[in-house]
Number of protein chains: 2
Amino acid sequence: MPAKKNNYRFEEILDKHQLKKTDARLRVLSMLASKNFATSQPDLEEVMVDVDRGTLYRILNAFEEKGIIHKVFDLNGTANYALCNSDCEENHHHDEHLHFNCVQCNNVYCLNDLDLPDLNLPEGFKSLNFSLSVTGICPKCGKKSK
Amino acid sequence: MPAKKNNYRFEEILDKHQLKKTDARLRVLSMLASKNFATSQPDLEEVMVDVDRGTLYRILNAFEEKGIIHKVFDLNGTANYALCNSDCEENHHHDEHLHFNCVQCNNVYCLNDLDLPDLNLPEGFKSLNFSLSVTGICPKCGKKSK
DNA sequence: TTTAATATGCAACAATGTAGCATTTACTTT
DNA sequence: AAAGTAAATGCTACATTGTTGCATATTAAA
Ligand SMILES: [Mn+2]
Ligand SMILES: [Mn+2]
Ligand SMILES: [Zn+2]
Ligand SMILES: [Zn+2]
């Protein structure tokens, strides 16, 4: 199953970063874009069975370096991937948003539009970046259990 | 090299949780207590070469379940372990403190005594727990690079 | 259509983590 | 102190995750 057409947006992204437009890459992009939560590495691998595992890792690593996607580890230490917002650059991410990890479905949601409070660290610690992850019950699972 | 004597404190911990006082367990406890930052699984494994890897994992998992230690994943997704504060219980941790992950030495510091700001999540998300991890330069590495 | 740079597939490997089962050890009971 | 029992360990085998070298195939430019 080749990547569906009508993916100008994803082709542009690849173009911009001087990555060749291959089927596997377009499929990764459209898969990540299709959900409002991050996609785990095992899920990606399951869907992309026809692509070599090593190649999939190379795609993910390349995308991450270019600032196209970011990786977040869930509760279990499993890697999850999500598209970055527009302001991420090569080797300089700006993904300082909250990650919500549902303990039931295990999904990781990127809550981009949330105001985050300032932190004051102890003397000597210099903050470069931070990641805030909250575990709990997501809206979908909250409804289900009623 | 057997665990050094004079470890009443660690023996008490094992007693309290009905875990037998074995050399390997006492060594894990004293190793974690000896540093002001978490210990990575690879580091533990390196020091405890004479103990079977499977056994080491069982020790760590048992300690975690009992609320003696907690696990935190660093930037690279590597597991790091640190002693819990006294108020953690079996299967009910209270480790809501900030983790500072130095990008240079890679150490993970548990900043227990830090006041953390409240979060207000979007509609529908119910928070059970959270973990805040900041990456940056730790005091030790900050001094070195001057 | 030829070419050159890149991406992929394949195979081999390292690291991390789990589980079954035989043996040993720590602690309790006599 | 000796015997008995539950728990812990060592060993082996295995699954999953991730990386790398190299030959082949593909993309995009000339
Ligand atoms: Mn995110
Ligand atoms: Mn901690
Ligand atoms: Zn959920
Ligand atoms: Zn440091």
Side-chain angles (χ1 to χ4, degrees), chain A residues 1-3 5 7-8 10-29 38-66 68-69 71-81 90 106, chain B residues 1-3 5 7-8 10-29 38-66 68-69 71-81 90 106:
Chain A
M1 57 172 93
K5 303 298 172 191
N7 275 350
Y8 306 115
F10 304 135
E11 301 195 352
E12 269 171 40
I13 294 177
L14 295 179
D15 258 341
K16 187 169 74 173
H17 294 93
Q18 294 151 83
L19 295 170
K20 292 185 174 172
K21 293 162 221 153
T22 67
D23 190 63
R25 285 175 173 166
L26 289 168
R27 279 166 61 202
V28 168
L29 289 178
T39 307
S40 71
Q41 190 281 328
D43 280 2
L44 271 165
E45 197 170 310
E46 202 177 4
V47 172
M48 314 259 304
V49 272
D50 53 319
V51 178
D52 178 72
R53 281 181 357 96
T55 299
L56 179 55
Y57 278 106
R58 279 184 280 229
I59 290 175
L60 294 170
N61 290 338
F63 283 2
E64 200 184 3
E65 272 169 32
K66 295 287 189 175
I68 300 172
I69 67 177
K71 172 159 65 171
V72 49
F73 296 102
D74 67 18
L75 293 169
N76 309 118
T78 302
N80 285 249
Y81 296 91
E90 177 139 7
N106 206 47
Chain B
M1 55 173 94
K5 302 298 173 192
N7 275 350
Y8 306 115
F10 303 135
E11 301 196 353
E12 269 171 39
I13 294 178
L14 295 180
D15 258 341
K16 186 169 75 172
H17 294 92
Q18 295 151 84
L19 295 171
K20 293 186 176 172
K21 293 163 222 152
T22 66
D23 190 62
R25 285 175 172 166
L26 290 168
R27 279 166 61 201
V28 168
L29 288 178
T39 308
S40 71
Q41 189 282 327
D43 280 2
L44 271 165
E45 197 170 309
E46 202 178 4
V47 171
M48 314 259 302
V49 272
D50 53 320
V51 178
D52 178 73
R53 280 182 355 96
T55 299
L56 180 53
Y57 278 106
R58 279 185 281 229
I59 290 174
L60 294 170
N61 289 339
F63 283 3
E64 200 183 2
E65 273 169 30
K66 296 287 189 176
I68 300 172
I69 67 176
K71 172 160 64 172
V72 50
F73 295 102
D74 67 18
L75 294 170
N76 308 117
T78 302
N80 289 65
Y81 295 91
E90 177 139 7
N106 206 46

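Convention: sequence-line order gives letters A, B, ...; per-chain numbering from 1.
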Name of the residue among Lys16(A), Lys21(A), His17(A) meeting side chain to side chain contact (heavy atoms under 4.5 Å, CB included) with Leu19(A): His17(A)
Given 3.5 Å as the limit, does a donor-acceptor pair link the side chain of Asn80(A) with the main chain of Thr78(A), or not? yes
With a 3.5 Å distance limit and no angle check, can you tell me whether Arg25(B) reaches the backbone of Ile59(B) through a side-chain donor-acceptor pair? no
Atom-to-atom span, CG of Leu60(B) to P of dT9(D) - whole angstrom: 11 Å
Check nucleotides 24-26 of chain D against the protein and report each pair of N or O atoms closer than 3.5 Å, with its distance, or say if there are none.
none

Only one of Leu44(A), Ile68(A), Val72(A) passes side chain to side chain contact (heavy atoms under 4.5 Å, CB included) with Tyr81(A), and that residue is Leu44(A)
Distances under 3.5 Å between protein N/O atoms and the N/O atoms of nucleotides 15-19 of chain D, please, pair by pair.
residue : atom : partner  : partner atom : Å
dG18(D) : OP2  : Tyr57(A) : OH           : 2.9
dG18(D) : N7   : Arg53(A) : NH2          : 2.6
dG18(D) : O6   : Arg53(A) : NH2          : 3.4
dT19(D) : OP2  : Asn61(A) : ND2          : 3.2

Closest approach of Lys71(A) and Ala79(A), non-hydrogen atoms and distance? CD-CB, 3.8 Å
So which heavy atom on Val51(B) is nearest to which on Leu56(B), and how close? CG1-N, 4.4 Å
Can you measure Ile59(B) atom CD1 to dA7(D) atom P for me and round it to whole angstrom units? 16 Å
Can you list the steps and then say if Phe63(A) with Ile13(A) is a side chain to side chain contact (heavy atoms under 4.5 Å, CB included)? CA-CA 10 Å; Phe63(A) 283 2; Ile13(A) 294 177; over 6 Å; no
Please say which of Thr22(A), Leu26(A), Asn7(A) ends up in a side chain to side chain contact (heavy atoms under 4.5 Å, CB included) with Leu14(A). Leu26(A)
Kindly give the heavy-atom pair with the smallest separation between Phe73(B) and Leu75(A), and that separation in Å. CE1-O, 3.4 Å
At what distance, to the nearest 0.5 angstrom, does OH of Tyr57(B) lie from CG of Leu60(B)? 8.5 Å
What is the separation between atom CD on Gln18(B) and atom C1' on dA8(D), rounded to the nearest whole Å? 15 Å
With a 4.0 angstrom cut-off to heavy atoms of chain B, pull out the first and last contacting nucleotide of DNA chain C, in 5'-to-3' order. dT16(C) to dC27(C)
Would you kindly compare Asp52(B) and Arg25(A) by the position of their nearest DNA chain C nucleotide and give the one closer to the 5′ end? Arg25(A)
